[in-house]
Amino acid sequence: MSETDVQARILALTERLHHLNYQYYQRDISEVSDQEFDQLLAELARLEQQYPQFAQPNSPTQRVGGTITKQFPTAEHRYPMLSLGNTYSEADLREFDERVRRGLEGADYTYVCELKFDGVAMSLTYQDGQLTQGVTRGDGTRGDVVTSNVRTIKNLPLHLRREGPPQPPEFEVRGEVFMPLPVFAELNQEREANGEALLANPRNAASGALKLQDSALVAARRLRFYAYAFLMPGRNQFATHSESLEALAAWGLPVSDTWRRCHSLAEVLDFVHEWDKKRFTLPVATDGIVIKLDDFRQQEVLGYTAKSPRWAIAYKYPAEAARTRLREVEYNVGRTGAVTPVALLDPVPLAGTVVKRASVHNANQIAALDLRLGDLVFVEKGGEIIPKITGVDVAARPADAAPIVYPTACPSCGTPLIRPAGEAHFRCPNDRGCPPQRKARLEHFVSRKAMNIDGLGAETVGRFFDLGLVSDAASLYDLPAKAAELAQLERLGEKSVQRLVAGLEASKQVPFDRVLFALGIRYVGETVAEKLAAHYRTIDALLAASATELAAVPEVGGVIAESAAAWFQESDNRAMVERLRAAGVQLALTGEAPQAVSNRLEGLTFVLSGVFELHSRDELQALIQAHGGKVTGSISKKLSYLVAGDKMGPAKREKATELKVPIITEADLLAMLPTDTEAAETPEEADSAALPASAASAAIGSTDGPVAASAVAPPLPGPKAGTGQQGLLF
Ligand code: IVH
């Protein structure tokens, strides 16, 4: 065969196999026998091996795997992957519907109900119809690039059909990767026969499979995918979520046909009831229903909380329960000294796993349940990994069941426990000396959301702590000096030590707000750390701040402020901060502080309502604030203006009219701002008079706006903070 013939044959085989895959996985049609399919695939694999120059990156042969990835690179999500609010009762659903109704101010709306598949969330990118990237959810902002593993998912098209509505040149599909239940059962049978450890449940099996380095092994796990969302840059080309699902299916993507449009809460509840039992007939684990507002513009109107959309919610079916015997209670000491009881149980199978331990939350709950050692107890598995005890079979209580005596001293360091008023947990107050607290703080410091130190996981850092190699966060930076000693440790070796040293070095670039979070100050979570860092900018300013001053920072309440101030006053902590400084860790924000662009709107308050033509609501808010104005949510007599967008409900308009609050448009608002030349004439900007054509729009960060604008613009909500683009944020 000439090279041209080979190339033509490769192309023909590729196309034929793509087509057969589509027929088989999307339409349940077998046009050829399995044997014939395998022969075609084998021929293609042989030709690709002989003529690698003609092999297509998305060839059907990629499905059998064979790519080895030592370590997955990470990639930032273009649109953060948020989670969903959970509800467990019809009353909660009713409340959700009420919130939606209020938010839409009387407009008509439709929901789409889908099943909630219990697998691993995945973001897929298609460019010019080709699958180019698969990224896991990760921390919601960055995930692992697992493209070669994703290519082994057989019902996932590597290239799309040119049918249905036009395809944008680039778009993202979100969906769930899962291990079908029959596959899970079969794999576990095999593992049992081979004496291998069993896979815990289908979800863990899927997530474990995606992390395998050898994609041939991933292929053997027979994962599948269901798409549930479509995202594209700019305005979504579809008006509704349901249209986008139909388009995805037309393009050959697997969309479970279980979804339905529901026109009322009653129809939503019908769907919930219908699938309560029917879901067990599906070959995929499901744990609830996802209810989404169908109209993308209405989704935008409702927007997002920091963690999840306001336009969607998950209804979780009640968890399965099992009954078993309580043998013993163990007490764990956490990072903040909280002592939590853990029940040790007779092993019992529950929803696909064998349960041996369960959480009991706290002493109150032991009392409330009247738990005794030897009791038969009910355990349930909610969404969390550790099941919980939900009740006692009192009738079956053995005569010798012994009451549970809660410890009065720390099980680790022996310090008498305290229970601050109003708190559910007993606490070991010895935060400086108590080993499990110190260890847990170190684990937190190196964790992904904190310093994310490559090569140093919770287990390793715990081991170093036990061996006395590290004692606190700052001492981690002394590890490179002990490299030779570390390399002698079992299961570590020179390579791992090199990686760890590099990881520590890289962590010196972690921005100050994350360092602040990493310190593990009680109540200072990611968001509070961000706010404090943005407000104070340097650790020195924070060290000097009083609790009262800290409490004045928006979103920092009294309890948080007290806790932070106490931490900063502690001499050991101050000494550790100095050691972190000496190590080169970032203790100040870099870059310029945001500045007000003008004070043109000072003293004015605005309500933004509806959908705007030129800017998202978040952008307009940033713009108003940058010019000294305030944005609030409710209409009152004191309000200066109601800025009315498209689809604003009648209620707001009526209220504003009644209270004689002027109603203006987006254009009116923009006209209130200084013109470009005016903006440039503020003293600091006088020498950069050649500002962009529209300072207003540049100042609020249109991404393609001229660079010069950034000097005068406040930091803008990028897509992450919510551009308000319809349907973009998942
Ligand atoms: S929509 C903004 N639809 O549930 C979040 N999620 O907490 C949009 N999931 O891990 C998600 N089935 O992977 C959506 N039909 C479905 C889903 C679904 C399962 C998972 C998702 C995420 C979690 C949401």
Side-chain angles (χ1 to χ4, degrees), residues 77-88 92 96 100 111-124 134-141 143-144 146 150 153 172-180 201-204 206-207 210 223-231 236 240-242 244-246 248-249 253-262 268 271-272 275 279 282-294 296 298-300 302-317 382-385 719-730:
H77 292 297
R78 186 191 288 222
Y79 324 104
M81 287 180 88
L82 302 179
S83 61
L84 288 171
N86 285 331
T87 62
Y88 298 89
D92 288 346
F96 166 72
V100 170
Y111 292 118
V112 168
C113 286
E114 296 165 14
L115 286 169
K116 187 163 188 295
F117 306 108
D118 198 9
V120 181
M122 180 63 59
S123 147
L124 303 172
V135 185
T136 62
R137 178 171 190 275
D139 62 5
T141 308
D144 290 334
V146 290
V150 162
I153 299 176
E172 198 176 315
V173 176
R174 297 263 168 95
E176 202 80 353
V177 173
F178 60 92
M179 180 178 283
N201 56 44
R203 172 159 33 95
N204 289 7
S207 98
L210 284 171
L223 301 177
R224 294 292 179 266
F225 177 82
Y226 274 150
Y228 55 64
F230 164 86
L231 302 97
N236 200 315
T240 61
H241 171 61
S242 51
S244 73
L245 287 182
E246 280 160 355
L248 290 177
L253 279 148
V255 178
S256 164
D257 57 12
T258 48
W259 67 270
R260 188 191 295 164
R261 287 187 188 91
C262 291
V268 169
F271 187 90
V272 167
W275 283 101
R279 67 199 173 103
L282 297 172
V284 47
T286 53
D287 59 350
I289 301 290
V290 182
I291 299 127
K292 305 174 180 174
L293 199 53
D294 195 22
F296 283 136
Q298 290 185 330
Q299 289 184 1
E300 191 187 339
L302 291 193
Y304 299 81
T305 67
K307 295 203 176 88
S308 49
R310 292 199 178 88
W311 47 262
I313 201 147
Y315 169 83
K316 295 283 211 64
Y317 286 114
E384 54 291 303
I385 303 201
K720 261 198 269 171
T723 58
Q725 300 257 39
Q726 54 181 4
L728 278 189
L729 293 177
F730 271 80

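We use all heavy atoms of the structure for the numbers below, so side chains are in, but hydrogens, waters and symmetry mates are not. Read the numbers this way: they start at 1 and go in the same order the structure lists the ligands and their atoms.
- By the 30° and 60° cut-offs, the orientation of the rings of Phe271 relative to Trp275 is tilted.
- Judged purely by atom type and a 3.5 angstrom limit, Tyr228 has no side-chain atom pairing as donor or acceptor with the backbone of Phe117.
- A pairwise comparison of heavy atoms in Trp259 and Ser256 identifies CD1-O, 3.3 Å as the closest pair.
- Here the CD-CZ distance, from Glu176 to Arg203, works out to 9.0 Å after rounding to the nearest 0.5 Å.
- Considering only non-hydrogen atoms, atom 13 (O) of ligand 1 lies nearest to Glu176 out of His241, Arg203, Glu176.
- Where the criterion is an N or O separation shorter than 3.5 Å, residue side chain and backbone included, Leu115 meets it with respect to ligand 1.
- Close contacts between ligand 1 and Ala121 involve ligand atoms 10 (O), 13 (O) [criterion: under 4.0 Å to a heavy atom].
- Heavy-atom contacts of Leu82 reach the following atoms of ligand 1: 2 (C), 5 (C) (cutoff under 4.0 Å).
- With rounding to the nearest 0.5 Å, the separation of NZ in Lys116 from CG in Asn86 is 6.0 Å.
- A side-chain donor from one of His241 and Glu114 sits under 3.5 Å from a side-chain acceptor of the other.
- Distance check, rounded to the nearest 0.5 Å: CZ of Arg279 to CD1 of Ile289 gives 8.0 Å.
- Taking every non-hydrogen atom of Lys292 and a distance limit under 4.0 Å, the qualifying atoms of ligand 1 come out as 1 (S), 3 (N), 14 (C).
- Taking a cut-off of under 4.0 Å to the non-hydrogen atoms of Glu114, the atoms of ligand 1 that pass are 3 (N), 15 (N), 16 (C).
- Using a 4.0 Å cut-off to heavy atoms of Pro309, the atoms of ligand 1 that qualify are 2 (C).
- The shortest N or O to N or O distance between Tyr228 and ligand 1 is below 3.5 Å.
- Residue contacts with ligand 1, taken as heavy atom pairs separated by less than 4.0 Å, involve Val290 solely via side-chain atoms from C-beta onward.
- Close approach to Ser83 involves these atoms of ligand 1, each under 4.0 Å from a residue heavy atom: 2 (C), 7 (O).
- A donor-acceptor contact shorter than 3.5 Å links the side chain of Thr87 to the backbone of Ala314.
- Using a 4.0 Å cutoff on heavy atoms, Met122 does not count as a contact of ligand 1.
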